[in-house]
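Lettering of chains follows the sequences in order, A, B, ..., and the numbering in each one begins at 1.
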There are 4 protein chains.
Amino acid sequence: MVETGGIAADALRSFIERVERLEEEKKALADDIKDIYAESKSVGFDVKIMRQIIRLRKMNEADRQEQESFLPILTPTLMPLA
Amino acid sequence: MVETGGIAADALRSFIERVERLEEEKKALADDIKDIYAESKSVGFDVKIMRQIIRLRKMNEADRQEQESFLPILTPTLMPLA
Amino acid sequence: MVETGGIAADALRSFIERVERLEEEKKALADDIKDIYAESKSVGFDVKIMRQIIRLRKMNEADRQEQESFLPILTPTLMPLA
Amino acid sequence: MVETGGIAADALRSFIERVERLEEEKKALADDIKDIYAESKSVGFDVKIMRQIIRLRKMNEADRQEQESFLPILTPTLMPLA
DNA sequence: CTGCCATTTTACCGGC
DNA sequence: GCCGGTAAAATGGCAG
């Protein structure tokens, strides 16, 4: 049987704790985002549509990056937002 | 017709940009996590098992917190139920 | 061009109808569950707490099954990690 | 303090077990549905699109039922399936 | 009507 | 490069 209390276990523990730490931060950000959506909604915006806009902008962004290899700067910095 | 270039549009734009900013940060963290897994793997750990460990620890953590929080009377008498 | 009214379309139709049938049954069960909660409430039980109990029991069940299934060596030595 | 081992607790236990039983059946159906999608996919259908079709048909169904109060039988029994 | 929770859908990641 | 499975996002539904 391997020595489970040895160097390898320490390294494993370290990796796992680093991951867990980062996942906590990630969750905090996710919560922040939820808060923003909640606030947006409370001010009368339609969250579902906001998500759609963001999705579209992300896609456009991806497109743009792919096209920049070919094209000069034609696309505006910010999509007009409806 | 409402003025679509007015205050509301500005607020919407602001909310959306805040969300997008946070999502970028979130993605950065996700990438960091991926890096850790990659490194772990390169040192011989089984990524799949690492994920399982983390999942288990998260579940245990959640259990504990929820158990402690309340249902202090009902839980012990009812839980076995077998 | 493929023959859209042919074998493939029949198979697709069949799959879809099977899914729809099962979803109807599923919905019926969901309704039954709703009825039970309604009855419970009418007899004085707190539905929210009932749901919590059920959730806890499901989590415990899941934990137990996953714990038993394996990681028999790693878990005890690593889990505390405190 | 209430008698936690008394009649009320029995009733609660009964309700909870009934719910749990039904939820098991519901889960079984959900698994069956997943199986069908898996099989569909293995035969070359696009699951994502199948879901869309089913969603549309459900919406049409809802529409139809709402309109039947006004209209005679004009809508066909089965939407053509693409 | 609002917030919460369950379910469902989508996206991702590692393995083959 | 696909596939299976797991985690995250999103939608829908229910209780208050």
Rounded to whole Å, please give me the gap between [atom1] in [X] and [atom2] in [N].
X	N	atom1	atom2	value
M59(B)	dA7(F)	CE	P	10 Å
R57(B)	dA7(F)	CZ	P	15 Å
I54(A)	dA10(F)	CD1	C1'	13 Å
K58(B)	dA8(F)	NZ	C1'	10 Å
E23(D)	dC5(E)	CD	P	15 Å
I36(A)	dA10(F)	CD1	P	13 Å
M50(C)	dC5(E)	CE	C1'	16 Å
D32(B)	dC13(E)	CG	P	13 Å

- Query: Taking the side chain as C-beta and beyond, is there a heavy-atom pair between K41(D) and D46(D) under 4.5 Å?
  - Reply: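 In short, these two side chains do not touch, never coming nearer than 4.5 Å.
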- Is any side-chain heavy atom of V19(C) less than 4.5 Å from a side-chain heavy atom of F15(C)?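 Counting from C-beta outward, V19(C) and F15(C) never come under 4.5 Å.
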- Item | For K26(A) against L29(B), the heavy-atom pair lying closest together |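 Heavy-atom minimum between the residues: N-CD1, 3.5 Å.
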- Item | Nearest heavy-atom neighbours spanning A8(C) and F45(D) |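 So the minimum-distance heavy-atom pair works out to O-CZ, 3.3 Å.
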- Message: Has S14(D) got a side-chain atom pairing as donor or acceptor with D10(D)'s backbone, closer than 3.5 angstrom?
- Response: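 Side chain of S14(D) to backbone of D10(D), a donor-acceptor pair under 3.5 Å: no, none is there.
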- Message: Taking only side-chain N and O atoms of K26(D), does any of them lie within less than 4.0 angstrom of OP1 or OP2 on dT7(E)?
- Response: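 Indeed, a polar side-chain atom of K26(D) lies that close.
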- Message: I'd like to check the side-chain hydrogen bond (donor to acceptor under 3.5 Å, both in side chains) partners of R21(B); sequence neighbours left out, ordered by chain and number.
- Response: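 For R21(B), the residues satisfying side-chain hydrogen bond (donor to acceptor under 3.5 Å, both in side chains) (neighbours in sequence not counted) are E25(B).
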- Pick base, sugar-phosphate or nothing for K27(B), based on heavy-atom distances below 4.0 Å to the nucleic acid.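 No contact at all - K27(B) keeps every heavy atom at 4.0 Å or more from the nucleic acid.
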- In B/S/- notation, 5' to 3', how is nucleotides 11-16 of chain F contacted by protein heavy atoms closer than 4.0 Å? SS-SSS
